Amino acid sequence: MLYFDNAATTPVTEASLTAAWPYLTTEFGNASSSHEYGHRAKQGLEDARARVATWFGAKSSDIIFTSGGTEGINMCLTGLALANPRGKHIISARTEHEAVIATLEFLERVHGFEITWLPTNTSGTIEPLELESALRDDTTLVTLMLANNEIGTIHPIAEFAALAHARGALIHTDAVQACGWVNSNVADLGVDALTIAGHKLGAPKGSGAVFIKGRVATEPILHGGGQEFDRRSGTENVAWAVALATALEHLPRGEQLVQQSQKLADLQKVFIERVTNELPHTRLTGPPAGDPLARHAGISSFVSEGINGETLLLELERRGVIASSGAACAAGQDEPSHVLIALGYPEDLARTAIRLSASHLATEADYETVATAFIESVHTITR
Ligand code: PLP
C-alpha cells in the first residue's frame with residue numbers, strides 16, 4: 001500500500017516514540033509534584049519546551065503544549081480575542097480549517113464579534129490589498145493559515161503580519177499543515193501566535209503546541225490549576241511534549257527545507273502534469289505546481305467532472321493507493337468541501353475532490369505509481 005494521506009495524519013516516528021517512552025514508564029511523575037519524580041518530569045517538560053522554542057525561533061516561555069490543532073486554534077483565537085478588546089472585529093477567510101471558522105462563528109454568536117471574511121481568487125490566494133482595506137481601528141485579530149490543508153495554497157503570512165501590525169492588530173496563523181513544509185520560524189513570519197499539531201508531523205495524536213508571544217495577553221479557555229504559565233490548565237502530557245519536540249527536530253529547516261521542498265515540488269509537478277495531461281476532465285485545485293513558496297509541495301488535490309469522489313477513492317485503494325476525498329478532518333460528512341465552495345466551485349464538482357498528500361520521503365517511483373493508479377481508476381469509472 002502507498003499511503004498518500006499524510007495531510008490527514010502521519011505515522012509516529014520511532015525516534016519520537018522512543019524519546020517519549022521513559023515519560024510513560026519510569027519517569028511517569030506529575031510535572032507539578034514537588035518530589036523527585038515530579039522534578040524529573042518537569043525537567044523533561046521544560047527541556048521539550050526549550051527544544052520546540054528553538055525549532056520555531058521563539059522563547060521557551062512563548063510555547064504552550066496542547067492536545068493538537070483544534071485546541072491550539074481555539075486557545076489562540078478565543079484567548080486573544082477576549083483578552084485584547086481593541087474592538088470586536090476579526091479578519092479571516094472562508095478557506096480556513098473548520099477549527100478556525102467554527103471558533104470565529106462562536107465568537108460572533110456568543111461574544112458579539114464581527115468577522116470579515118476576505119475574498120480569495122480561484123487558487124485560494126488572498127491579495128494583501130484586500131487585507132489592508134479590511135483592517136480597521138477596532139480590528140483585534142487577523143487569522144490566516146500558512147498552508148491550506150485541502151488545496152495547498154500558501155499565504156504570504158509575513159506580509160500579512162506587517163499589514164496587521166501597521167494597524168495595531170494581532171495576527172495568528174494556523175501552521176498545522178505548513179510545519180515541516182514551509183518556513184514556520186515565528187520571527188521570520190512576524191506572527192503573534194501560531195498553532196501546530198503533532199500528528200501531522202510524526203508525533204502522536206493528542207500532541208501539539210502553540211506559540212503566543214510573551215507580552216500578548218490571552219484569556220485561558222481551560223481553567224484550573226494554572227499549568228503552562230496559566231494559559232492551559234491540566235496536568236501536562238510530558239511524554240507527548242517530548243515526542244513533539246523530537247519529531248520537530250527531524251523535520252527540515254532553513255537551507256535543508258529550501259532544497260527539500262524544491263525537490264518535492266518538482267516531483268509533485270511532474271505528477272500533476274501527467275495526471276492532468278492524460279485526464280482531460282481532471283483539473284488541479286489550488287495554485288500551479290512547482291513553486292514551494294506558493295503551493296504546499298506535498299498536497300495535490302484534483303476535481304474530475306462527472307466522477308464520484310468516493311468511487312474514485314475505492315478504485316485507488318483497490319490499486320494500493322490510500323488518499324482522501326476533500327479533507328479527512330471533515331470526514332464522515334457527505335458535504336462538499338467548504339474550501340472549494342468558497343472558491344466558487346459548483347457543488348457537484350466540489351464533491352469529486354480527491355486529495356493526495358505525500359510524505360517527505362515520497363520518491364519519483366511513488367509518484368509514478370500513484371499517477372498510474374489515478375489514471376487507471378478514472379478510466380475504469382468512466383469506461
Ligand atoms: N488546521 C489545519 C490546517 C488542519 O489540517 C487540521 C487537521 O487536519 C487542523 C487545523 C486540526 O488539527 P487537529 O486534527 O490536530 O485537531
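Bear in mind that the values here come from a model prediction, so they are computed numbers and not experimental data. In each ligand, atom 1 is the first atom listed, and ligand 1 is the first ligand listed.
- Close to ligand 1: K200, with a non-hydrogen atom less than 4.0 angstrom away.
- The proximity of T70 to ligand 1, defined as any non-hydrogen pair under 4.0 Å, involves the side chain as well as the backbone.
- Under the 4.5 Å side-chain criterion, counting only non-hydrogen atoms from C-beta, R51 is not in contact with T54.
- Of all atoms in ligand 1, listed by their number and element, those nearer than 4.0 Å to a heavy atom of N149 are 3 (C), 5 (O).
- For the pair E105 and R109, the salt-bridge criterion is not met [side-chain N within less than 4.0 Å of a carboxylate O].
- Close approach to G69 involves these atoms of ligand 1, each under 4.0 Å from a residue heavy atom: 12 (O), 13 (P), 15 (O), 16 (O).
- Near H199, the atoms of ligand 1 lying under 4.0 angstrom from a non-hydrogen atom of the residue are 13 (P), 14 (O), 15 (O).
- V378 places a side-chain heavy atom less than 4.5 Å from the side chain of L312.
- Taking the ring centroids of Y367 and F4, they lie under the 6.0 Å cut-off.
- At a 4.0 Å heavy-atom cut-off, ligand 1 touches I73 through the side chain alone.
- The proximity of E71 to ligand 1, defined as any non-hydrogen pair under 4.0 Å, does not occur for either the backbone or the side chain.
- Classification of R318 and E376 as a salt-bridged pair fails, no side-chain N sitting under 4.0 Å from a carboxylate O.
- Backbone and side-chain nitrogen or oxygen atoms of A147 are examined, and none is located within less than 3.5 angstrom of a nitrogen or oxygen of ligand 1.
- Ligand-side atoms of ligand 1 in range of A197: 15 (O), range being under 4.0 angstrom from any heavy atom.
- Within the structure, side chain to side chain donor-acceptor pair (under 3.5 Å) pairs that include any residue of residues 138-147 comprise H89-T139, R136-D138, T143-H172 (at least two apart or interchain).
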List the steps and the verdict of ring pair (Phe, Tyr, Trp, His ring centres under 6.0 Å) for F271 and F374. CA-CA 10 Å; F271 161 70; F374 196 98; 7.2 Å; no

